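Below is one structure, written out as structure tokens, with a few remarks after it.
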Amino acid sequence: MTAHRGRWSLEDRLEQGLRELPFDVPPGTASVMVELSYEGGVIDLGCHGADGFRGWSGGARGQYTVSADWATPGYLPGELEPGTWHVWLGLHRIPPDGVPYEVTVTTSTSTPPRPDETLPPRPERPPRRELPAPAGMRWLAGDLHSHTVHSDGALTVHELACLAASQGLDYLAVTDHNTVSHHPGLAAAGARAGVLLLPGQEVTTDLGHANVLGDTGWVDFRRPSADWAAFAAARGGLMSINHPLSGDCAWRRPLPAGARPAFAEIWHSSWWDRRWGAPLAWADVWRPGGVVPLGGSDFHDPAQHKSLGEPVTWVLAEDGDVLGGLLAGRTAVSAGRDAPVLLRVEDGLIALGAAGTVLVRPDGSRAAVRGDRVRIPADRLGTHRLETHENEVIALCG
């Protein structure tokens, strides 16, 4: 057993926010168990093996197990390579008087039994909403921001997939914090529930969060933000800035203008009063070439105020290729699956279920929408939106 104990100070956090505590894994080790205890503040927890990343659970857990056959959600199972490993401690919240802590590491030549998982019943899916689309393509309803027990969510991957299908979603991006341990189970859980689960990772730091979508592998949150975007692009994925104006999770990381991604989560569940124009104003200055607007519920727990699929991001996809549709910028965002929606179809816009609203063009000009299915010429690129007469945003379209 290896033990580390002491007191982290505010000065420690300011000097270096991520600490690495070493421990040895001898040949023949079958499992490692790490336990963290501390008083006050918030300390995040993770693991780095001799050969690379082995997991992250942030502040959601106080212990984890890694073995060849299974691992605590958030961590990667697999043969335990001998050598020097590290417990990662993120000094997320350290009060002025410091935080006393203790870390114990236990290695074993045996593997503890795998925890049981009971699969939820297969869900009933409501009828799909069919929206006008070019031949061979289809608008798919989804949510681009959700969490499971692999980070700080309450549901397993199977439970989340069933909830998504029961809400009538066609796809769901599963974006656990700083880990990809959920990726191996997505395809099977999605097939069982009848929903496409898109692999993702919410790259999470004190100064901002970003989603990397696609099967890119683990994104190192310790690296500069421009590296996240380059890593994603090189592997066929994309990076999106998350909730750029959301309390202490707002985006404050340096990112050169030339490296700023085109994708941003403009509509997040924290945008509870959509008369507040700050997210749209942020998008206008973020990137001169314009922003592809995305939406995400940031769903964690059914007991919270956030509901899966609120908002919905519609993606115009060919052969069910959601990631391809996103990369092409074919998106629209609405308050829910059955809410009014504004779509870009070929050379124009179509407003559905939006009678009595106001269309706002990228240049700020406005036009009344008269009718429940209205075609509108659109010779300008950029984000269009629908608002009520009280200036509440009810739909966005890239």
Side-chain angles (χ1 to χ4, degrees), residues 1-9 12-13 16-94 98-117 147-154 156 176-185 201-206 218-222:
M1 185 177 73
T2 302
H4 296 270
R5 57 180 61 88
R7 176 184 289 271
W8 296 117
S9 68
D12 291 329
R13 181 185 186 277
Q16 184 178 335
L18 183 70
R19 298 293 173 145
E20 300 182 336
L21 307 182
F23 64 95
D24 291 326
V25 172
T29 299
S31 65
V32 167
M33 185 174 71
V34 173
E35 297 177 276
L36 165 68
S37 61
Y38 62 93
E39 297 179 13
V42 178
I43 296 180
D44 293 334
L45 187 59
C47 184
H48 195 272
D51 291 343
F53 174 77
R54 291 304 290 257
W56 180 263
S57 52
R61 300 185 186 280
Q63 64 179 44
Y64 58 80
T65 296
V66 178
S67 73
D69 298 328
W70 69 273
T72 300
Y75 295 82
L76 304 179
E79 295 296 330
L80 276 64
E81 68 274 13
T84 301
W85 288 42
H86 291 87
V87 176
W88 279 351
L89 297 182
L91 308 185
H92 185 56
R93 293 285 183 269
I94 305 297
V99 174
Y101 75 95
E102 181 173 5
V103 172
T104 59
V105 181
T106 305
T107 60
S108 175
T109 56
S110 62
T111 300
R114 180 195 299 265
D116 293 331
E117 180 183 355
H147 298 275
T148 72
V149 294
H150 286 263
S151 59
D152 55 351
T156 66
D176 281 308
H177 297 283
N178 289 344
T179 190
V180 292
S181 63
H182 54 294
H183 286 194
Q201 174 187 336
E202 185 170 17
V203 191
T204 304
T205 73
D206 288 351
W218 179 68
V219 183
D220 191 341
F221 63 93
R222 301 170 298 172

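Keep in mind the model is a prediction, meaning the values are calculated, not measured.
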Is [Y] close to [X] at the side-chain level, that is, under 4.5 Å between some pair of heavy atoms?
{"X": "Ile94", "Y": "Asp12", "result": "no"}
{"X": "Ile43", "Y": "His92", "result": "no"}
{"X": "His4", "Y": "Val87", "result": "no"}
{"X": "Val99", "Y": "Arg13", "result": "no"}
{"X": "Phe53", "Y": "Leu76", "result": "yes"}
{"X": "Thr2", "Y": "Thr104", "result": "no"}

List the steps and the verdict of side-chain contact (heavy atoms from CB on, under 4.5 Å) for Trp56 and Asp176.
CA-CA 10 Å; Trp56 180 263; Asp176 281 308; over 6 Å; no
Holding to side chain to side chain contact (heavy atoms under 4.5 Å, CB included), I want the full list of residues that pass it with [X], two or more places apart in sequence or in another chain.
{"X": "Ala71", "result": "Tyr75, Pro77"}
{"X": "Thr84", "result": "Pro22, Asp24, His86"}
{"X": "Ser31", "result": "Ser67, Ser108, Pro112"}
{"X": "Glu81", "result": "Ala50, Asp51, Arg54, Trp85"}

Heavy-atom pair of closest approach, residues [X] and [Y]:
{"X": "Ala68", "Y": "Glu79", "answer": "CB-OE2, 3.7 Å"}
{"X": "Gly28", "Y": "Thr109", "answer": "O-CG2, 3.8 Å"}
{"X": "Arg7", "Y": "Pro100", "answer": "NH1-CD, 3.7 Å"}

Suppose the criterion is salt bridge (Lys or Arg N to Asp or Glu O under 4.0 Å): which pairs have a residue in [range], not counting sequence neighbours?
{"range": "residues 60-70", "value": "none"}
{"range": "residues 31-50", "value": "none"}
{"range": "residues 83-94", "value": "Arg93-Asp248"}

For His48, give me all partners under ring pair (Phe, Tyr, Trp, His ring centres under 6.0 Å), at least two apart in sequence or on another chain.
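With neighbours one apart ignored, the set is Trp88.
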Would you please classify the geometry between the Tyr101 ring and the Trp8 ring as parallel, tilted or perpendicular, with 30° and 60° separating the classes?
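The rings of Trp8 and Tyr101 lie parallel, inter-plane angle below 30°.
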For Thr29, enumerate each residue passing the side chain to side chain donor-acceptor pair (under 3.5 Å) test, keeping only those at least two apart in sequence or located in another chain.
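Thr29: no side chain to side chain donor-acceptor pair (under 3.5 Å) contacts found.
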Go through the structure and list residues passing side chain to side chain donor-acceptor pair (under 3.5 Å) with Arg5, not counting sequence neighbours.
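For Arg5, the residues satisfying side chain to side chain donor-acceptor pair (under 3.5 Å) (neighbours in sequence not counted) are Glu102.
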Run the salt bridge (Lys or Arg N to Asp or Glu O under 4.0 Å) test against Glu20 and tell me which residues pass, sequence neighbours left out.
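By the salt bridge (Lys or Arg N to Asp or Glu O under 4.0 Å) rule, Glu20 matches Arg222.
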Please identify each residue that fulfils salt bridge (Lys or Arg N to Asp or Glu O under 4.0 Å) with Arg114, with sequence neighbours left out.
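Arg114 satisfies salt bridge (Lys or Arg N to Asp or Glu O under 4.0 Å) with no other residue.
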Within the side chain of Thr65, is there an N or O that forms a donor-acceptor pair under 3.5 Å with the backbone of Met33?
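Side chain of Thr65 to backbone of Met33: no pair is present.
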Whether the side chain of Asp152 engages the backbone of Ala60 through a donor-acceptor N/O pair (distance < 3.5 Å, no angle test) should be reported.
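Such a contact is absent between Asp152 side chain and Ala60 backbone.
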Derivation of the side-chain contact (heavy atoms from CB on, under 4.5 Å) call for Phe23 and Val32:
CA-CA 10 Å; Phe23 64 95; Val32 167; 3.9 Å; yes
Value rounded to 0.5 Å, distance of SG in Cys47 from OH in Tyr64
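Rounded to the nearest 0.5 Å, the SG-OH separation comes out at 3.5 Å.
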At what distance, to the nearest 0.5 angstrom, does CD of Glu202 lie from CG of Asn178?
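Between atom CD of Glu202 and atom CG of Asn178 there are 8.5 Å.
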Step-by-step side-chain contact (heavy atoms from CB on, under 4.5 Å) determination, Thr72 to Val66
CA-CA 7 Å; Thr72 300; Val66 178; over 6 Å; no
Can a side-chain donor-acceptor contact be found between His150 and Ser181 if the only test is distance below 3.5 angstrom?
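Yes, His150 and Ser181 have a side-chain donor paired with an acceptor closer than 3.5 Å.
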